[in-house]
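Chain A is the first sequence line, chain B the second, and so forth, proteins listed ahead of strands; every chain is numbered from 1.
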Amino acid sequence: MLTLVYFAWVRESIGRDEERIERPAPGTTVAGLIATLAAREGGYAEALGDPTKLRAAIDQHFVPLDTVIGEAREVALFPPVTGG
Amino acid sequence: MLTLVYFAWVRESIGRDEERIERPAPGTTVAGLIATLAAREGGYAEALGDPTKLRAAIDQHFVPLDTVIGEAREVALFPPVTGG
Amino acid sequence: MKRVAIQSGDFDMAAELAALESLGGGGVASFTGVVRGESGLIALELEHYPAMTAPQVDRIVDEALARWPLLGVSVIHRFGRLEPGARIVFVGTASRHRAAALASCAFLIDWLKSHAPFWKKEHFADGATAWVAAQAEDEAKAQGWNA
Amino acid sequence: MKRVAIQSGDFDMAAELAALESLGGGGVASFTGVVRGESGLIALELEHYPAMTAPQVDRIVDEALARWPLLGVSVIHRFGRLEPGARIVFVGTASRHRAAALASCAFLIDWLKSHAPFWKKEHFADGATAWVAAQAEDEAKAQGWNA
């Protein structure tokens, strides 16, 4: 299983802040995961339809979207951060 | 008359923080004034003997030592400043 | 001294600065970010990624400590609903060298702006809300520190 | 907001910063200089040129206000006998832009170090005293702002 966490308008559009899914096939990238999720019903397409607006972290580290998920336990999807 | 004010070790060597002197001849520079004062007895030579260690202000504005005193009311002589 | 706090509550500026001043370093620099109260904004809601925020901030504070001769660093970042005038973030640095204190303070706030996992939602008087968009400028500033 | 104070007494950091935070600018930067307590130093005696200090500081604060988009600047510089740990100087700036707040704060403290008419005499535990020599580095930093 793989934990997905969502923040900001990604979370709002999807309507949940966390879910657990079947581990994707070996070699799947974050971008591949996003494309799969965006095909779902509900707010997923709105939240994840445009990957250029998204950033990601794997196990609490920022990664480019072409990163392979591998053995990660948690993938986070969110808009660009606005701290400070 | 011209008011002279001294600060830091210049003041300590001379032994006073302020004095009034006859206005120097027209065209006299701060460096010229310093040379005249350094020829005095007491701590003046110690305080003013090495002009490279001195800085000056005319009427509360920093000036280079080759500045003509002119109609100034107050000349200040002191070591380089150490604020902040 | 290293202090990293991610919290919803406010903090005591005088106490935070006194802790840095007491390190004997001679110079303390600070930056404090405050919620602006313009354009009908009534609140800023800060969301963050709890499992990630503190470890990431901790890591960048370590980087600042390695890069500059610092005696102390404090970073406090608030989350939750904050009203105009409320403090959002505090960065304080202490050093024997004022340039190090000031530069590391700038480095840390630039990094927080572009890399700390926070998101801001604006709430307006008319009931409207809007997520604050990241500024390309912030990203560029943080990248500049890598040059 | 512009505040310049040349005084012997201490000041209230929380109040000084709160005044800058209340300007609604979003960012407040500050630098505080503190007497170091090293090498047997028991006190630092600060002498200044009263007729010159406040007008000169006022002028450089005006220059900072002209050079950066600032909502407020505060400069407090103490004189007299100060013991280790005591605050010497405070520079605080408020701006909508954090880079402006930080850069103007650095500019002002660099200027104060090299141009404010203060002189420092160190008093040591063994009774010795020494006037602090100006550092060429400080002069170079202040000159850098003219480039």
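Contact detail for C:Ser114 and A:Val81: the closest heavy-atom pair is O-CG2, 3.2 Å. Closest heavy-atom contact between C:Glu47 and A:Tyr6: OE2-O, 4.3 Å.
For CD of C:Glu83, the number of neighbouring non-hydrogen atoms (other residues, nucleotides, ligands) closer than 6.0 Å is 12 at most. Heavy atoms from other residues, nucleotides or ligands lying under 6.0 Å from NZ of C:Lys2 number more than 12. More than 12 heavy-atom neighbours from other residues, nucleotides or ligands sit within 6.0 angstrom of CZ on A:Arg23.
For C:Trp119, the ring pair (Phe, Tyr, Trp, His ring centres under 6.0 Å) test picks out A:Phe7, A:Phe78, with sequence neighbours left out. C:Phe118 meets the ring pair (Phe, Tyr, Trp, His ring centres under 6.0 Å) test with C:His48, C:His77; sequence neighbours excluded.
The backbone N or O of C:Lys120 lies less than 3.5 Å from a partner atom in the side chain of A:Thr82, making a donor-acceptor pair. Of the possible donor and acceptor atoms, one in the side chain of C:Gln56 sits under 3.5 Å from a partner among the backbone N and O of A:Gln60.
For A:Arg55, no part lies under 4.5 angstrom from a heavy atom of chain C.
Ranked by non-hydrogen atom pairs under 4.5 Å with chain C, the options A:Glu74, A:Glu12, A:His61 are led by A:Glu12.
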Apply side chain to side chain contact (heavy atoms under 4.5 Å, CB included) to C:Met52 and A:Phe62, showing your working. CA-CA 10 Å; C:Met52 184 171 176; A:Phe62 292 113; 3.5 Å; yes
